[in-house]
Amino acid sequence: ETNTGKGAQYLAHLKGQLAAIPWSSNSADNYNKLGHFMALQTGQLAQSAGLGNTDAGKSIAQEQAGTQQWTSGAIKSTARVNRALATGTLLFNQGVENSVKGGNPFAARDFQNQWSQTASVPALQLYDAVKNGDKEGLADEVKQLGGIGSPKYQQTLKQVDAMHKLLQGVQ
């Protein structure tokens with residue numbers, strides 16, 4: 001019961017996965033409930049992706065108290081962030097696994113420290129959008145970063161490259 005138009009199918013799929021949310025017939029209430037749930041999920045994903053103690057992780061925590069401003073665009077955007085953070089969790093876990101293969105007992109800690117200094121939410125979003133063939137999400141993220149020629153976009157590309165190298169054990 002949300003008036004998302006084009007995104008209605010997306011939310012219909014989420015309802016099955018998020019059956020615990022007390023849906024009502026009021027679309028504004030449903031946006032707020034879904035938005036609050038997604039903020040909680042984002043915080044958990046940021047923590048498990050090794051970004052919990054970063055500035056990005058702290059700003060995510062601010063949303064967890066709930067907001068009255070969730071729109072269909074915000075829902076889609078948050079879903080993309082959550083997907084990227086889930087990908088980040090997978091990458092983080094792979095990196096920890098790879099780091100301890102050499103038998104160094106401190107390798108996992110060292111990887112975690114380097115990861116938290118290297119990975120960022122925008123870098124994970126770029127990586128994830130490309131990985132999942134999400135052209136709309138990729139275009140949105142590039143726009144958020146100021147366009148292809150912007151310094152912020154170029155820096156984020158460098159972060160993606162650094163994440164990739166870190167996962168391969170190249171520092």
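Count residues from 1 along the sequence. The shown structure was predicted, so the numbers you read here are calculated from the model rather than taken from an experiment.
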Engineer: Checking L91 against T87 for the side chain to side chain contact (heavy atoms under 4.5 Å, CB included) test, could you report, in this order, the C-alpha distance in whole Å, the side-chain angles of both residues, the deciding distance, and whether it holds?
Structural biologist: CA-CA 6 Å; L91 295 175; T87 297; 4.2 Å; yes

Engineer: Can you measure from CD (Q159) to CD (Q117) and round to the nearest 0.5 angstrom?
Structural biologist: 12.0 Å

Engineer: Would you name the heavy atoms of G147 and S150 that are closest together and state the gap between them?
Structural biologist: O-OG, 3.0 Å

Engineer: How many angstroms lie between atom OH of Y127 and atom NE2 of H164, to the nearest 0.5 angstrom?
Structural biologist: 8.0 Å

Engineer: When you compare the side chain of E141 with that of Y153, does any pair of heavy atoms fall below 4.5 Å?
Structural biologist: no

Engineer: With the side chain counted from C-beta on, respond yes when L167 and F111 share a heavy-atom pair under 4.5 Å apart, and no when they do not.
Structural biologist: yes

Engineer: Check whether any side-chain heavy atom of L145 sits under 4.5 Å from a side-chain heavy atom of P122, and report yes or no.
Structural biologist: yes

Engineer: Find the distance between CG (L166) and CG (D161) and round it off to the nearest 0.5 Å.
Structural biologist: 11.0 Å

Engineer: Near Q154 CD, under 6.0 Å, is it more than 12 heavy atoms from other residues, nucleotides or ligands?
Structural biologist: yes

Engineer: Check this for me: Q155, atom CD, are more than 12 non-hydrogen atoms of other residues, nucleotides or ligands nearer than 6.0 Å?
Structural biologist: yes

Engineer: Flag yes if L126 and L90 sit in one hydrophobic cluster, no otherwise; membership is Ile, Leu, Val, Met, Phe, Trp, Tyr, and two members link when side-chain heavy atoms are under 4.5 Å apart.
Structural biologist: no

Engineer: Quick one: list whatever passes salt bridge (charged side-chain N to carboxylate O under 4.0 Å, His left out) with D134, sequence neighbours left out.
Structural biologist: R80, R83

Engineer: Any side-chain heavy atom of F92 within less than 4.5 Å of one from Q112?
Structural biologist: yes

Engineer: Check whether any side-chain heavy atom of L138 sits under 4.5 Å from a side-chain heavy atom of Q125, and report yes or no.
Structural biologist: no

Engineer: Rounded to the nearest 0.5 Å, what separates atom NZ in K131 from atom CG in L124?
Structural biologist: 11.0 Å

Engineer: Which atoms form the tightest heavy-atom contact between G137 and A129, and what is the distance?
Structural biologist: C-CB, 4.2 Å

Engineer: Return the minimal non-hydrogen interatomic distance between E97 and K101, and the atom names on each side.
Structural biologist: O-CG, 3.4 Å

Engineer: Are I148 and V160 linked, directly or through other ILVMFWY residues, by side chains that come within less than 4.5 angstrom of each other?
Structural biologist: yes

